[in-house]
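Remarks on the structure that follows.
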Amino acid sequence: MTTIRLWNSAARGKVDFTPIDPANVRMYVCGPTVYDRAHIGNARPAVVFDVLYRLLRHVYGEDHVTYVRNVTDIDDKINARAKETLQPGETPVEAIRRITGETTRWYFEDMKALGCLPPTHQPRATEYVPQMIAMIETLIANGKAYAAEGHVLFEVAKYPEYGALSGRSTDDMIAGARVEVAPFKRDPMDFVLWKPSEPDQPGWESPWGRGRPGWHIECSVMASELLGETFDIHGGGADLMFPHHENEIAQSRCACPEGQFAKLWMHNGMVNVDGRKMSKSLGNFLTVADMRGQAPGEVLRLALLSTHYRGVLDWTQQRIDEAADALAKWGGLVEGVDPSPSAASSVLEALGDDLNTPAAFAEMHRMAREGDAPGLAAAMALMGLKAPAAPEADGDLVERLLAARAEARAEKDFAAADAIRKGLDAAGIIVIDRKGEASEWRPGPNFDPAKLEAMR
RNA sequence: GGCGACGUGGCGGAGCGGUUACGCAGCGGAUUGCAAAUCCGUGUAGGCCGGUUCGACUCCGGCCGUCGCCUCCA
């Protein structure tokens, strides 16, 4: 059996992965807040943890892995967006449903295009509010939380291990204090479990009046409801380590003192665009929809995996181009080839070493060079990679142009022949001449139908 | 200010205390009327300064630089 070693953020080191129950390996990953198109930063964790999901299924069996990725559909950013886009005759709550429904659908489509398997469960926060209220009540009963002015706050001082995941002491946090200090907080570090809702905001009846849950409690509840009080892996972006994951740990451990919550924490690195942090003000904000306009989802997936998941990924055109070339080459090699029964052990070994996808690709390049098409096909299947569908080119037109070129060549009119070849080349049509036979051709990764059409 | 990560050849990007990463680009060759595609070959590295060691890109310390988090951003 392949040994899987994973970097545990909480321990700051690699550990051998040993499931609590090999018959049911359990993983939770923080999913998107559905108020807008998924961006490239949402895509990376989805793709990275999809690779881990596939690896775990390969090692422990397809029916022995439970993967939960939530959808946060209660959030003040959603409320703000609803207010901005309110349609005539629409209530604010209807607007919220419109936005969360639409963006959730977009998210599912985008992730599918990136080759991600659907997780076992994709719970929505709105489906778990009663359980959140119950967990908050438990925290109050345990003396870890307090109600004040319609809010319920978690009292950080009551959880001495707070900060263990991110390696911060509460003193450090206060030193950097940029925390909002509300008058009803006992301590600036205390964070919201429940807050009151205005009449035009979504709200649920609770022991503390009509209100809504805070962000952190959503994940704690959905994880324990679907995976239990102790489960194997919790994943998410590195920026979520503090405070989101720290707060999840505090809540869950205090609500279920006998449970451990996640045994292993994994964090993917951030994505930069052309060397800079992606932001709307810099104008380099990239959505998955934008990316899908640049290249097929399969290519984007390879590009997202081309650097190790813990490092910062710089998103550039060159990276996309190289991914497209590699995939086109591999796709040509494995077309019509039956994958070998199991992925090459070298590829499994690379992935098993803390998801070293670049090392796995090096192995795949080696297989391509050595002509091991079945092995390559198996490796691609394991990683959820496939060649993008060949673009449709106007075959009659290309054949006609090639015939004209052949005629020019026969008459030694090389200027005319070369003009046609250069045109086809510029259009991204790859022409392969063979001695004594008709030229073969196929659309390449840079095929541009408009340029081909212009040669008519 | 506090905490943390990272600095590898032209670019991307891994592993490794001593022996080729790999890919792209480049260069040379095969092939071609010239190309393309394909194949073969090949050069180029480890921020700076110290330390440990027979030996360091790899371990330790310092410095410099880049980036991130500390703001309900993946």
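Note on naming: letters A, B, ... go to the chains in the order of the sequence lines (proteins, then strands), and numbering restarts at 1 for each one.
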**Item:** Residues within residues 9-17 of chain A bordering RNA chain B, heavy-atom distance below 4.0 Å
**Value:** none
**Asked** Quick one: A:W330 CH2 to B:G23 P, roughly how many Å, whole number?
**Response** 10 Å
**Prompt:** Using a 3.5 Å cut-off on both pairing distances, which stems of three or more Watson-Crick or G-U pairs include RNA chain B?
**Reply:** B:1-7 with B:64-70, B:10-12 with B:22-24, B:26-30 with B:38-42, B:47-51 with B:59-63
**Request:** Look at the side chain of A:K277 and the base of B:C73, then say whether one donor and one acceptor between them are separated by less than 3.5 Å.
**Result:** yes
**Item:** Distance-only donor-acceptor test (3.5 Å): side chain A:H267, base B:A74
**Value:** no
**Complete:** Distance col, row A:H151:NE2 vs A:D190:CG, nearest 0.5 angstrom, shows 12.5 Å
**Complete:** For A:L351 and A:L55, the nearest pair of non-hydrogen atoms, with its separation, is O-CD2, 3.7 Å
**Complete:** Between CD1 of A:I420 and P of B:G33 the distance, given in whole Å, is 17 Å
**Item:** A:M291 CE to B:A74 P, straight-line distance once rounded to whole Å
**Value:** 15 Å
**Request:** Would you kindly give the CE-to-P distance between A:M241 and B:C3, to the nearest whole Å?
**Result:** 16 Å
**Complete:** Residues passing the ring pair (Phe, Tyr, Trp, His ring centres under 6.0 Å) test with A:W208, sequence neighbours excluded, are A:W194
**Message:** Give me the distance, rounded to whole Å, that separates B:C54 from B:A45 when you measure between the P atoms they each carry.
**Reply:** 28 Å
**Message:** Measuring only between side-chain heavy atoms, which start at C-beta, is A:M455 closer than 4.5 Å to A:L397?
**Reply:** no
**Asked** Considering only the P atoms, how many Å lie between B:A5 and B:G12, rounded to the nearest integer?
**Response** 23 Å
**Prompt:** Would one find a side-chain N or O of A:R310 under 4.0 angstrom from OP1 or OP2 of B:C6?
**Reply:** no
**Asked** Within this structure, what is the CG-to-C1' distance between A:L313 and B:G68, rounded to whole angstrom?
**Response** 14 Å
**Message:** Suppose you measure atom C1' in B:G15 against the same atom in B:G68; what distance do you get, rounded to whole Å?
**Reply:** 25 Å
**Item:** Rounded distance (Å) that lies between atom P of B:C73 and atom CE of A:M278
**Value:** 13 Å
**Message:** Regarding A:V271, tell me which of base, sugar-phosphate or nothing describes its non-hydrogen contacts under 4.0 Å with the strands shown.
**Reply:** base
N/O-N/O pairs, protein side and nucleotides 35-37 of chain B side, under 3.5 Å:
unit_1 : atom_1 : unit_2 : atom_2 : d
B:A35  : O2'    : A:R421 : NH1    : 2.9
B:A35  : N6     : A:D433 : OD2    : 2.9
B:A35  : N1     : A:D433 : OD2    : 2.9
B:A35  : N3     : A:R421 : NE     : 3.2
B:A36  : N3     : A:V431 : O      : 3.0

**Asked** In terms of side-chain heavy atoms of A:F242, which of B:G12, B:C69, B:A14 is nearest?
**Response** B:C69
**Request:** Would you kindly compare A:G236 and A:R366 by the position of their nearest RNA chain B nucleotide and give the one closer to the 5′ end?
**Result:** A:R366
**Prompt:** Would A:S224 and A:Q131 satisfy side chain to side chain contact (heavy atoms under 4.5 Å, CB included), going step by step from the backbone distance to the final call?
**Reply:** CA-CA 10 Å; A:S224 62; A:Q131 293 91 326; over 6 Å; no
**Request:** Go through A:L385 and A:F361 one step at a time and tell me if the side chain to side chain contact (heavy atoms under 4.5 Å, CB included) criterion holds.
**Result:** CA-CA 11 Å; A:L385 293 168; A:F361 293 143; 3.7 Å; yes
**Asked** Touch check for A:K77, heavy atoms < 4.0 angstrom, all strands: base, sugar-phosphate only, or nothing?
**Response** sugar-phosphate
**Asked** Would you call A:D418 and A:R421 a salt bridge, taking side-chain N to carboxylate O under 4.0 Å as the test?
**Response** yes
**Fill in**
Of A:Q318 and A:D75, the one whose nearest nucleotide on RNA chain B sits closer to the 5' end is A:Q318
**Request:** Indicate whether OP1 or OP2 belonging to B:G12 is found under 4.0 Å from a side-chain N or O atom of A:S306.
**Result:** no
**Message:** In whole Å, measure the gap between the P atoms of B:U71 and B:G2 for me.
**Reply:** 16 Å
**Length of the line joining A:E322:CD and B:C22:P, which is rounded to integer Å** = 15 Å
**Request:** Go through B:A74, B:C22, B:G13 for me and flag the one nearest to the A:R369 side chain.
**Result:** B:C22
**Fill in**
A:W315 CH2 to B:A74 C1', in whole Å, measures 14 Å
**Request:** Please test A:W215 against A:F191 for side chain to side chain contact (heavy atoms under 4.5 Å, CB included), starting from the C-alpha separation and ending with a verdict.
**Result:** CA-CA 10 Å; A:W215 175 37; A:F191 58 87; over 6 Å; no
**Item:** Nucleotide nearest A:T33 when distance is taken to its side chain, options B:C69, B:A74, B:C22
**Value:** B:A74
**Asked** If the P atom of B:G10 is compared with that of B:C27, how far apart are they to the nearest Å?
**Response** 16 Å
**Spacing of the P atoms in B:C39 and B:C73 (rounded, Å)** = 48 Å
**Request:** Kindly state each residue pair satisfying salt bridge (Lys or Arg N to Asp or Glu O under 4.0 Å) with at least one member in residues 145-166 of chain A, sequence neighbours excluded.
**Result:** A:E155-A:K158, A:E155-A:R186
**Asked** Using atom P of each nucleotide, how far apart are B:G18 and B:C70 to the nearest Å?
**Response** 39 Å
**Spacing of the C1' atoms in B:U20 and B:U52 (rounded, Å)** = 28 Å
**Message:** Checking the side chain of A:D110 only, and the main-chain atoms of A:Y107 only, is there a donor and an acceptor separated by less than 3.5 Å?
**Reply:** no
**Fill in**
Considering only heavy side-chain atoms of A:A362, the closest of B:G12, B:A21, B:C73 is B:A21
**Asked** With sugar-phosphate meaning primed atoms plus P, OP1 and OP2, does A:G237 contact a base, only sugar-phosphate, or nothing at under 4.0 Å between heavy atoms?
**Response** sugar-phosphate
**Item:** A:F361-B:G23 aromatic stacking (under 5.5 Å, under 30°)
**Value:** no
**Request:** Identify whether any heavy atom of A:D418 sits under 4.0 Å from a base atom; if not, whether one sits that close to sugar-phosphate; answer base, sugar-phosphate or nothing.
**Result:** base
**Message:** Taking any heavy-atom pair under 4.0 Å as a contact, classify A:H308: base, sugar-phosphate, or nothing.
**Reply:** sugar-phosphate
**Request:** Give every residue pair that meets the salt bridge (Lys or Arg N to Asp or Glu O under 4.0 Å) criterion with at least one member in residues 30-43 of chain A, sequence neighbours excluded.
**Result:** A:D36-A:R81, A:D36-A:K280
